[in-house]
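A quick write-up on the structure given underneath.
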Amino acid sequence: MSARPGVPATPGQAAVLDAAFFARPAPEVAEALCGVLLARADEGLLARIVEAEAYTEDDPACHAHRRRTRANAPLFAAPGTAYVYRSYGVHWLFNVATGAEGRGEGVLVRAAQPLAGLERMRARRGARPDRELLRGPGRLAQAFGLDGSWSGVTLSDSPLDLLDDGLRPAVTAGPRVGIADAADWPWRFSVTDCPWVSRYVRSARAPARAR
DNA sequence: CTACCGATGCGCT
DNA sequence: GCGCATCGGTAGC
């Protein structure tokens, strides 16, 4: 059976991504995360990331843009630290800190293709099409059981890991989803023509697109 | 498929 | 109070 474009279903030999991978600028890391495996070892969950967005402290849409607070502190922590926050009072969104320690930046993991542990994901997500298990950052965090208790966790010391199995899919860059400030910065990266990618929704508060 | 809209916690102005 | 890095239900094409 044939795989979807650019995204084989079966992972090969995989190496855990180290701090050096995340120590680069967020846009570089966001692009490089497309095709990377997300694994939760304690629950047997595995998925391939197909979409990620970059946020930096020079970026008005970034939570670290104004100042460092208790809540956004993980963005300033060592590269490879998880930052999980609540959006709209309902959903949790999973990020990974990037850049040098002390720099307030990170990458939002927005969507992935489920590969293993689908029963557990379905149990958390409810009776919905498998296509929607990990399509969108709120859904992905819910399926993986990630909440505020994961914020500040160093991934290398946790059951949650990012792994490289050598896949290098074609990646497309475009504007980020749902933000009003810096709405047109092309910092959303996704696997080209991949059905697991979330749909683009422009913020209702974003200014009209330049043309 | 698209469009609309309410839910709901919390950090910030 | 205001404003979200979202989602799911409903209505309509």
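Quantities reported herein were computed from a predicted structural model and do not represent experimental measurements. A, B, ... follow the sequence lines: proteins, then strands. Residue 1 opens every chain.
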Proximal nucleotide (of B:dA7, B:dG9, C:dA5) relative to the A:Arg86 side chain: B:dG9
Sole candidate of A:Arg139, A:Gln142, A:Arg124, A:Met121 that passes side chain to side chain contact (heavy atoms under 4.5 Å, CB included) when paired with A:Leu133: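 Exactly one candidate clears the test, A:Met121.
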Residue that, paired with A:Glu105, satisfies side chain to side chain contact (heavy atoms under 4.5 Å, CB included) out of A:Leu75, A:Asp59, A:Asp58, A:Thr56: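 Result: among A:Leu75, A:Asp59, A:Asp58, A:Thr56, A:Thr56 is the only option passing the side chain to side chain contact (heavy atoms under 4.5 Å, CB included) with A:Glu105.
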Heavy atoms only, 4.0 Å cut-off, all strands: where does A:Gly89 land among base, sugar-phosphate and nothing? base
How would you label the contact of A:Arg188 with the nucleic acid (heavy atoms, under 4.0 Å): base, sugar-phosphate, or nothing? nothing
When every nucleotide of nucleotides 8-13 of chain C is labelled 5' to 3' by its protein contacts under 4.0 Å (heavy atoms), B for base, S for sugar-phosphate only, - for none, what sequence of letters results? SS----
Phosphate oxygens OP1/OP2 of [N]: is one of them under 4.0 Å from a side-chain N or O of [X]?
X        : N      : answer
A:Thr69  : B:dC12 : yes
A:Arg70  : B:dC12 : no
A:His63  : B:dG11 : no
A:Arg205 : C:dC4  : yes
A:Arg66  : B:dT13 : yes

Please compare A:Ser203 and A:Ser198 by the position of their nearest nucleotide in DNA chain C and report the one closer to 5'. A:Ser203
Atom [atom1] of [X] and atom [atom2] of [N]: how far apart are they, to the nearest Å?
X        : N      : atom1 : atom2 : result
A:Asp147 : B:dG9  : CG    : P     : 15 Å
A:Asn72  : C:dA5  : CG    : P     : 13 Å
A:Trp92  : B:dA7  : CH2   : P     : 20 Å
A:His65  : C:dC4  : NE2   : P     : 14 Å
A:Leu108 : C:dC4  : CG    : C1'   : 14 Å
A:Tyr85  : B:dC12 : OH    : P     : 13 Å
A:Tyr88  : C:dA5  : OH    : C1'   : 8 Å
A:Phe94  : C:dA5  : CZ    : C1'   : 14 Å

Between A:Tyr85 and A:His63 (judged by ring centroids, cut-off 6.0 Å), do the two rings come close enough to count as a pair?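 Under 6.0 Å, so yes.
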Nearest 0.5 angstrom please: A:Leu108 CG to A:Arg188 CZ, how far? 10.5 Å
Treat each ILVMFWY residue as a node, draw an edge where side-chain heavy atoms are under 4.5 Å apart, and state whether A:Leu37 and A:Leu17 are in one component.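 Each belongs to a different hydrophobic cluster.
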Hydrophobic clustering (ILVMFWY, side-chain heavy atoms < 4.5 Å, transitive) - are A:Val107 and A:Leu162 grouped together?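 Same cluster: A:Leu162 reaches A:Val107 through Ile, Leu, Val, Met, Phe, Trp or Tyr contacts under 4.5 Å.
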Charged tip of A:Arg176 within 45° of A:Tyr55 ring normal and under 6.0 Å: yes
Ring-face cation of A:Arg86 near A:Tyr88 (centre distance under 6.0 Å, axis angle within 45°):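 The answer is no, since A:Arg86 fails at least one limit relative to A:Tyr88.
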Contiguous pairing runs of three or more, Watson-Crick or G-U under 3.5 Å, that involve DNA chain B: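 As far as DNA chain B goes, consecutive pairing (with distances under 3.5 Å) yields the stems B:1-7 with C:6-12, B:9-12 with C:1-4.
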Are the side chains of A:Phe189 and A:Glu31 in contact, using a 4.5 Å heavy-atom criterion?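 Yes, close enough: below the 4.5 Å cut-off.
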State, yes or no, whether a side-chain contact exists between A:Leu160 and A:Leu146 at a heavy-atom distance under 4.5 Å. yes
